[in-house]
K.L.:
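Sending over a structure as structure tokens; questions will come in a sec.
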Amino acid sequence: MTIDEIRQSFYSLQQSIHGNKPLVYLDNAATTQTLQPALDALIAYYHQGNANVHRATHTLATNATHALEETRKAVQQFIHAKESTEIIFTSGTTASINLVANSYGAAYIQPGDEILISEMEHHSNIVPWQLACERKGAHLAVIPINDQGELIMEEFEKRLKPRTKIVALTQVSNNLGTINPIAEIVQKAHAVGAVVLVDAAQAVAHMPIDVQQLDCDFLIFSSHKMYAPTGVGVLYGKRALLEQLPPYQVGGGMIDQVTLPQSTYTGLPYKFEAGTPNTANIVALGAAIAWLQAIGWKYIMEYEQQLSAYAKQLLQDIKGLRLISTARDSVGILSFAIPTMHHLDIGLLLDAQGIAVRTGHGCTQPLMKRLGVDGIVRASIGIYNTEAEITYFVEQLARIIR
Ligand code: PMP
């Protein structure tokens with residue numbers, strides 16, 4: 001597929017902003033634009049007949065159930081899970097982390113235990129653990145980062161203790177772009193008996209994920225950051241672990257027997273899927289996965305790395321710009337600060353030229369504190385961005401600074 005064909009697959013990219021500025025969308029780390037084949041799958045699902053899954057015997061219900069379960073298998077293959085029962089659908093990364101923090105927290109965290117996160121986590125991978133610690137009298141320990149925006153591995157090792165119960169880390173930082181050495185982290189965490197949760201929200205659209213190779217215990221991501229519609233999240237968990245965990249949300253669809261005094265629950269994955277799932281959007285996620293697989297990781301990674309290197313080089317040449325994304329191993333997330341300007345002003349002035357970037361703390365206030373800034377400007381690359389867009393963005397930025 002050529003870049004033009006890729007761009008044709010995204011209707012929203014064809015628009016102009018403020019009347020005559022062609023949209024340059026560089027806020028992909030927040031949410032990606034939505035792929036037409038995913039939208040086609042969503043509409044086809046409704047056209048063929050909406051029905052509730054896993055319940056009725058009629059044809060529409062059978063078809064809806066089949067479509068949902070086929071997507072579960074597609075997700076299983078996409079992240080190389082051993083079994084499709086290890087794939088749980090939620091409403092997003094945040095919901096998936098809350099599920100684990102509540103369920104695993106309730107079952108396994110004791111007073112005096114430790115939960116280990118890092119200084120670069122998204123708020124969604126901080127706050128649920130703060131609450132889990134509060135509920136259980138546990139302690140939240142934090143791995144610091146170095147000035148390049150990388151985890152300090154010696155500090156990680158120092159913080160691993162027999163009472164470390166869970167290590168919850170991002171695979172890729174949403175504001176630094178840093179790729180963390182997850183396989184090594186998992187191996188070291190397992191050596192002290194801790195389980196590892198991987199927040200793959202920023203990794204899933206940019207690199208292949210193999211949960212068996214990583215040997216992680218939980219891995220989590222959202223549909224809206226991988227060219228699918230909003231509203232769907234995935235929680236992968238090793239079967240043996242998930243089987244031991246109590247349910248988080250309860251209600252229809254996840255029960256075995258209900259009597260008025262008490263209930264028993266059904267098995268995986270339904271034990272963690274109370275209520276009616278977001279079937280249409282789950283089906284659309286399946287279409288986005290098929291599309292990504294058809295393009296192939298080799299192309300995606302090479303193309304995005306090349307664009308990212310080009311953008312970094314241009315940004316580094318701007319006088320007075322402090323580049324924040326400086327890790328050696330990173331994806332196409334380019335954050336920076338201009339000490340003489342407010343990030344919000346830069347965002348508004350770029351928007352006036354049709355350029356969409358993220359400004360502010362980017363849901364990482366502890367990271368902002370570590371960097372000594374109130375906020376940043378973040379340009380994040382997706383599969384449909386072009387070299388011409390990067391050139392235009394940097395030219396406009398340089399003009400605004402001047
Ligand atoms: N973790 C990371 C690393 C993220 O980038 C995001 C989204 N910005 C989230 C968690 C939260 O994802 P969602 O809003 O889809 O729940």
Side-chain angles (χ1 to χ4, degrees), residues 25-34 38 75 79 88-102 117-131 142-143 145 149-151 166-180 182 185 196-207 209 214 216 218-236 248-249 278 281-282 284-285 288 324-325 327 329-335 356-368 370 375-382:
Y25 189 77
L26 290 170
D27 194 16
N28 294 290
T31 288
T32 50
Q33 293 308 305
T34 313
V75 173
I79 61 169
I88 290 150
F89 289 118
T90 68
S91 64
T93 299
T94 305
S96 296
I97 298 174
N98 273 280
L99 192 163
V100 179
N102 278 275
I117 61 168
S118 86
E119 222 174 2
M120 67 167 82
E121 298 310 312
H122 187 281
H123 295 161
S124 290
N125 201 28
I126 301 175
V127 187
W129 302 114
Q130 290 174 338
L131 290 191
V142 181
I143 312 163
I145 59 168
E150 297 159 340
L151 291 179
I166 186 157
V167 178
L169 285 185
T170 195
Q171 187 166 9
V172 172
S173 155
N174 64 320
N175 285 324
L176 300 166
T178 311
I179 302 173
N180 288 322
I182 295 297
I185 286 166
V196 179
L197 173 140
V198 179
D199 174 354
Q202 293 297 338
V204 69
H206 307 289
M207 63 186 69
I209 291 175
L214 291 174
C216 56
F218 302 105
L219 184 132
I220 279 158
F221 57 90
S222 297
S223 58
H224 69 97
K225 293 186 199 281
M226 52 188 297
Y227 312 111
T230 52
V232 177
V234 166
L235 163 62
Y236 157 80
Y248 169 44
Q249 291 187 326
N278 192 346
N281 288 45
I282 290 171
L285 170 64
I324 282 170
S325 305
D329 204 7
S330 61
V331 302
I333 290 178
L334 301 143
S335 294
V357 293
R358 174 77 198 258
T359 57
H361 56 61
C363 295
T364 56
Q365 288 182 15
L367 175 63
M368 295 299 113
R370 166 67 177 83
I376 51 167
V377 182
R378 179 186 71 190
S380 50
I381 289 169

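Read the numbers this way: they start at 1 and go in the same order the structure lists the ligands and their atoms.
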K.L.:
Ignoring hydrogens and geometry beyond distance, is a side-chain donor-acceptor pair present between S173 and T178 at under 3.5 Å?
P.N.:
no
K.L.:
Just by distance, do the side chain of E119 and the backbone of I145 share a donor-acceptor pair under 3.5 Å?
P.N.:
yes
K.L.:
Output, or 'none' if empty, a list of ligand 1-protein atom pairs in which both atoms are N or O and the distance is under 3.5 Å, rounded to 0.1 Å.
P.N.:
residue	atom	partner	partner atom	Å
ligand 1	1 (N)	D199	OD1	3.4
ligand 1	1 (N)	D199	OD2	2.5
ligand 1	5 (O)	Q202	NE2	2.6
ligand 1	8 (N)	H122	NE2	3.2
ligand 1	8 (N)	K225	NZ	2.7
ligand 1	15 (O)	S222	OG	2.7
ligand 1	15 (O)	H224	NE2	2.6
ligand 1	16 (O)	T93	N	3.4
ligand 1	16 (O)	T94	N	2.8
ligand 1	16 (O)	T94	OG1	2.5

K.L.:
Any side-chain to backbone donor/acceptor pair from K225 onto A30? Under 3.5 Å, distance only.
P.N.:
yes
K.L.:
Under a 3.5 Å distance rule, please check whether T93 uses its side chain to pair with a backbone N or O of S222 as donor and acceptor.
P.N.:
yes
K.L.:
Of all residues at least two apart in sequence or in a different chain, which pass the ring-ring contact (aromatic ring centres under 6.0 Å, His included) check with H361?
P.N.:
H123
K.L.:
Got a second to check how far I117's CD1 is from I166's CD1, nearest 0.5 Å?
P.N.:
11.5 Å
